[in-house]
Asker: 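Okay, handing you the structure first.
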There are 2 protein chains.
Amino acid sequence: MPETYSTPSTHSSSASAASLAERIRAVGARATPARIRVLELLSVAPRPLSHHDVESALGAGSLDRVTLYRVLDWLVESGLAVKGADERRVWRFSLASGGTHGSHAHFHCEGCGRVFCLDMPAPSPPSLPGGFTLLRAALDLSGRCAQCNGVSA
Amino acid sequence: MPETYSTPSTHSSSASAASLAERIRAVGARATPARIRVLELLSVAPRPLSHHDVESALGAGSLDRVTLYRVLDWLVESGLAVKGADERRVWRFSLASGGTHGSHAHFHCEGCGRVFCLDMPAPSPPSLPGGFTLLRAALDLSGRCAQCNGVSA
DNA sequence: TCGCTATTTGCAACCTTGTTGCAAATAGCG
DNA sequence: CGCTATTTGCAACAAGGTTGCAAATAGCGA
């Protein structure tokens, strides 16, 4: 159940620390260094980051382990980020892509691990066995992205 | 990424210990009590079992924790079972359903957690952004199964 | 049927990922 | 500038899973 995502169309929002702080206050919370730094990292990350990724990117010990867990969870709770489990079942976090997560397909690159949202209508609701009710449908594609295929951008 | 599965059409293969032992030897391994008992459990389980499920079903301590981990991994490695992470990111194991996992859709019941394989052609390969190559496509549906909806069998 | 040996098992210790409780620090309001 | 609710850091804990190694055993061949 992937849940996170950059779009094939670039969206490297390398916002300034100040604007990130504003975005944090916009959701009604304090703009602390920890939150700003983590948000900053996520906003330039080429792929979803794990707790460990963030920790070592920040320099181990620069931020308490537990604080980082809490910042990451808070980011998700506040809607600024989304999390999804990777193939080793470790949470990975990435910036929430603006709008609501509508009905679309996901493409998982087996090369770099990134997940792309494809704007594509949800597949036509298939007929289910009697008595079954459908709540959600997801089309998950996997393969290799352009970059991993060596196609120059 | 669900990967396991009973079909809506029953397939409770409650094979005898002897035939299970044969199935084990068929993949070129020793038919030990541990393996037979675990395989037996999986073959009658109504839904994918976690390590913990199997452990307590067998009676805690009746089989070493580590041995159980190894038996479960071996089952997957040998192709007799498949594993998938549940919503709490804990591995759950179930018998591999006979044939190869062809192109079909999965239905995950949010009530009981079971995963059903729906015989249904894979969705038509969508057009991907330039440079992307498709290796796999999976249609994952979720909702409630007939039983959880209270529809008598 | 009996030994033999490669395969399995059990044990103990360890690792990774994540959580909880609580006191000290601090963002940002007035 | 001071106050207070919010955050942080620390220490301890917990679940799920892994590793190394010595003891037990499945099942082969004699």
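All of these numbers come straight from a predicted model, not from anything done at the bench. A, B, ... follow the sequence lines: proteins, then strands. Residue 1 opens every chain.
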Asker: Side chains of B:Val82 and B:Leu75: closer than 4.5 Å at any heavy-atom pair?
Answerer: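 A side-chain contact under 4.5 Å is absent here.
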
Asker: Determine, using the 4.5 Å side-chain heavy-atom cutoff (strictly less than), whether B:Val54 and B:Val90 are members of one ILVMFWY cluster.
Answerer: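 No; B:Val90 is not reachable from B:Val54 via cluster members.
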
Asker: Can you list, by residue number, the residues of residues 71-79 of chain A that have a non-hydrogen atom closer than 4.0 angstrom to DNA chain C?
Answerer: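 Hits under 4.0 Å, by residue number: A:Asp73.
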
Asker: Below 4.5 Å, heavy atoms only, C-beta onward: do A:Leu72 and A:Phe93 meet side chain to side chain?
Answerer: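 Side chain of A:Leu72 against side chain of A:Phe93, heavy atoms only: contact under 4.5 Å found.
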
Asker: Under a criterion of less than 4.0 angstrom to any heavy atom of chain B, what are the 5'-terminal and 3'-terminal contacting nucleotides of DNA chain C?
Answerer: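 Listing 5' to 3', DNA chain C meets chain B from C:dA6 to C:dG18.
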
Asker: Sequence neighbours excluded, which residues qualify as side chain to side chain contact (heavy atoms under 4.5 Å, CB included) partners of A:Arg70?
Answerer: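 Partners of A:Arg70 under the side chain to side chain contact (heavy atoms under 4.5 Å, CB included) test: A:Val66.
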
Asker: Under the rule for side chain to side chain contact (heavy atoms under 4.5 Å, CB included), what residues qualify as partners of A:Ala31, not counting sequence neighbours?
Answerer: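 Only A:Ala21, A:Ile24, A:Arg25, A:Ile36 meet the side chain to side chain contact (heavy atoms under 4.5 Å, CB included) criterion with A:Ala31.
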
Asker: Got B:Leu95 and B:Leu80 here, is their nearest side-chain heavy-atom distance under 4.5 Å?
Answerer: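 A side-chain contact is absent here, since even the closest heavy-atom pair is not under 4.5 Å.
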
Asker: Under the 3.5 angstrom rule, does the side chain of B:Arg35 hit a backbone N or O of B:Arg30 as a donor-acceptor pair?
Answerer: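 It does hold such a pair.
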
Asker: Please list, in numerical order, the residues of residues 25-34 of chain B that have a heavy atom closer than 4.0 Å to any atom of DNA chain D.
Answerer: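 Nucleic-acid contacts, sorted: B:Arg25, B:Arg30, B:Ala31.
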
Asker: Let me check the geometry of the helix from C:dT1-D:dA30 to C:dG30-D:dC1. What is the bend angle between the axes at its two ends, five pairs each, to 10°?
Answerer: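 Axis-to-axis angle, ends of the helix: 20°.
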
Asker: Using the side chain to side chain contact (heavy atoms under 4.5 Å, CB included) criterion, which residues pair with A:Arg89? Sequence neighbours excluded.
Answerer: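 Applying side chain to side chain contact (heavy atoms under 4.5 Å, CB included) to A:Arg89 gives B:Ala85, B:Arg89, B:Trp91.
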
Asker: What residue pairs, at least two apart or across chains, pass ring pair (Phe, Tyr, Trp, His ring centres under 6.0 Å) with a residue in residues 52-88 of chain B?
Answerer: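 Checked against ring pair (Phe, Tyr, Trp, His ring centres under 6.0 Å) - neighbours excluded - the pairs reaching residues 52-88 of chain B are B:His51-B:Tyr69.
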
Asker: What residue pairs, at least two apart or across chains, pass salt bridge (charged side-chain N to carboxylate O under 4.0 Å, His left out) with a residue in residues 52-67 of chain A?
Answerer: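 Qualifying pairs, neighbours excluded: A:Asp53-A:Arg92.
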
Asker: Side chain to side chain donor-acceptor pair (under 3.5 Å) with A:Ser62: which residues, sequence neighbours excluded?
Answerer: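 Checked A:Ser62 against side chain to side chain donor-acceptor pair (under 3.5 Å); matches are A:Arg37.
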
Asker: Have a look at A:Arg70 and say if it touches a base, only the backbone sugar-phosphate, or nothing, with a 4.0 Å heavy-atom cut-off.
Answerer: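 If one applies the 4.0 Å heavy-atom cut-off, A:Arg70 turns out to touch a base.
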
Asker: Dump every N/O contact between nucleotides 12-16 of chain D and the protein below 3.5 Å, one line per pair.
Answerer:
from   : atom 1 : to      : atom 2 : distance (Å)
D:dG16 : OP1    : B:Arg88 : NH2    : 3.2

